Amino acid sequence: MPRPIHAVIHQPALANNLDVVRRCAPDARVWAVVKANAYGHGIRRAFAGLRGADGFGLLDLNEAILLRELGWQGPILLLEGFFQPQDVPLLEQYRLTTAVHCDEQLRMIETARPKGPLAIQLKLNTGMNRLGFPAGQYRAAWERARTLPGVGSIVHMTHFSDADGARGIAHQLEVFEAATANLPGEATLSNSAATLWHPQAHRAWVRPGIVLYGGSPTGVEADVAQFGLQPAMSLHSELIAVQELAVGDTVGYGSLFRAERPMRIGVVACGYADGYPRHAPGWGDQPAPVLVDGVRTHLVGRVSMDMLCVDLTPCPKARVGSPVTLWGQGLPIDDVALASGTVGYELMCALAPRVPVSVATMSAPETRAEAL
Ligand SMILES: *Cc1c(COP(=O)(O)O)cnc(C)c1O
C-alpha cells in the first residue's frame with residue numbers, strides 16, 4: 001500500500017520542448033543541459049525524450065558516464081570542466097568535451113599530456129563573474145590552450161547573467177565580441193532565456209536547460225506561454241483526509257491559517273520531505289495554488305514534512321481519494337514556485353528520492369487518464 005504520491009516524467013513533452021528550441025534557434029546545434037540529474041527528472045528518463053539533441057551538457061562525471069552507458073555516442077560537455085589532473089585521462093576515455101575556465105585547468109592539461117584531440121570550450125567571463133578568464137586575459141589563454149599537447153578544437157564560451165531580465169545581454173555580448181575578435185572557432189553563449197529572446201547570441205551552439213523541461217527562465221509562466229512548451233514533470237497525490245472547520249479554527253503548525261467561515265479542507269499526502277517547498281504559503285493574499293479533482297484551489301496553513309492542507313471550497317465533491325496535482329498538467333510549476341518565492345528550477349531539482357517516478361511515453365491526455 002504505497003503512499004499515493006508519485007511523479008510522472010512526460011517524454012513526449014521533452015521531445016516537444018526540444019522542437020520548440022529548434023524552431024527558436026534553427027541554425028544552431030543544441031546542447032541539451034541535463035545537469036543536476038536532468039533538473040530532477042532523471043538522466044535516464046530525460047535522455048529517452050531528448051536524444052534528438054546534438055549534445056548533452058552536465059557537470060558530473062558519473063552522469064556523463066551514464067549517458068555513454070545508455071549508448072549516447074555524440075558530444076557531452078562538462079559545463080564546469082574538470083577538477084583534478086586525474087580527470088584528464090577520463091575526458092579522453094569517455095570522449096568528453098570540457099569547459100576550461102581558469103589557468104589551473106590549463107596547467108592540469110599540460111601536466112597530464114593527453115594524446116588528444118581534446119575538445120575544449122574556453123570560458124570567457126563577460127560579466128557574470130562566476131567562471132571564466134577575464135576579458136583582458138582571454139586572448140593569452142586561447143594562445144596557450146592552442147599550443148598545449150593534445151588540445152584539438154577550441155570553442156569560445158560565455159554565460160549570461162540577465163538574458164531573462166531587464167538588463168539583457170548587450171553589455172556582455174560587447175565584451176565577448178571584443179575579446180574573441182579575429183580568433184577562429186565556434187561559439188556558445190545562450191542559455192534558455194537567450195535561446196528564446198536573444199537570437200543575435202545563438203551562434204554555433206545554444207545551451208538550453210529549463211525550457212526543455214517546460215519551465216520559464218524568468219520564473220513567470222506567462223512569459224513563455226506563446227512558445228508551446230509542455231511540462232515534463234508532474235507531481236500527483238491524493239486527499240487522505242477531510243476536515244470540517246468552524247469559524248476560528250486553525251490549521252497546521254504555528255496556526256498560521258484561521259478559518260473566517262465554516263469550510264472543508266483536504267489533507268494531501270505530500271510535504272517538504274517529498275520536495276514540495278516548505279515556504280509555499282497557505283495564508284495571506286497569494287496562497288500557493290493546487291488542483292483538486294482538476295479544480296484550482298490553494299494551500300491552507302503551513303506545509304509539514306509529509307502533508308499539506310488545501311481549501312475544498314471550490315471542489316465540494318472532493319473526498320478521501322480525490323486526485324491532487326501539485327504541479328504540471330494544468331498547473332504550471334512556475335505558479336507554485338512564484339507563490340513560494342522561488343523558481344521552477346529549484347522545485348524540479350528538489351523532487352525527493354522517496355517519491356516514486358513513472359514515465360509517460362504517450363502524450364498528456366492519455367497519461368492523465370492512467371494517473372487517475
Ligand atoms: C545551467 C546552465 C545552462 C542552462 O541554463 P537554463 O537557464 O536552464 O537554460 C547553460 N549553460 C551553463 C553554463 C549552465 O550552467
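Values below: all heavy atoms of this structure, side chains included; hydrogens, waters and symmetry mates excluded. What you are looking at is a predicted structure, and each value in this text was computed from that prediction instead of being measured. We count ligands from 1, going down the list as the structure has it; atoms in each ligand are counted the same way.
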*Nearest non-hydrogen protein atom, atom 7 (O) of ligand 1*: Tyr345 OH, 2.6 Å
*Hydrophobic cluster mates of Met128, side-chain heavy atoms under 4.5 angstrom, ILVMFWY only, any path?*
none
*What's the shortest distance from atom 11 (N) of ligand 1 to any protein heavy atom, and which residue and atom give it?*
Arg207 NE, 2.9 Å
*Is the shortest side-chain N to carboxylate O distance from Arg29 to Glu186 below 4.0 Å?*
yes
_Taking 4.0 angstrom as the limit and counting only heavy atoms of Ile210, give me the atoms of ligand 1 inside it, by number and element._
6 (P), 8 (O), 9 (O)
*asked:* Below 3.5 Å, N or O to N or O, backbone or side chain included: is there any such pair between Ala193 and ligand 1?
replied: no
_side chain to side chain contact (heavy atoms under 4.5 Å, CB included), paired with Gln121, selected from Ile154, Val100, Thr158, Thr97_ = Thr97
*asked:* Looking only at protein heavy atoms, which one is nearest to atom 9 (O) of ligand 1, and what is the separation?
replied: Ser192 OG, 2.5 Å
*asked:* Using side-chain heavy atoms (C-beta onward) and a distance below 4.5 Å, is Asp335 in contact with Trp327?
replied: no
*Evaluate the ring planes of Tyr213 and His41, with Trp represented by its six-membered ring, and classify them as parallel (under 30°), tilted (30 to 60°) or perpendicular (over 60°).*
tilted
*His159 and ligand 1 - part of the residue with a heavy-atom distance under 4.0 Å*: side chain
*When you measure from the side chain of Arg3 to the backbone N and O of Val355, does any donor-acceptor pair fall under 3.5 Å?*
no
*Protein residue, atom and distance nearest to atom 2 (C) of ligand 1, heavy-atom basis*: Lys35 NZ, 2.5 Å
_With a cutoff of 4.0 Å, is Trp31 in contact with ligand 1, counting heavy atoms of the residue only?_
no
*Give the residue, atom name and distance (to 0.1 Å) of the protein heavy atom nearest atom 8 (O) of ligand 1.*
Tyr39 OH, 2.5 Å
*Starting at NZ of Lys317, measure out to CG of Asp293 and round the result to the nearest 0.5 Å.*
9.0 Å
*What part of Pro208 sits under 4.0 Å from ligand 1 if we count only heavy atoms: the side chain, the backbone, both or neither?*
backbone
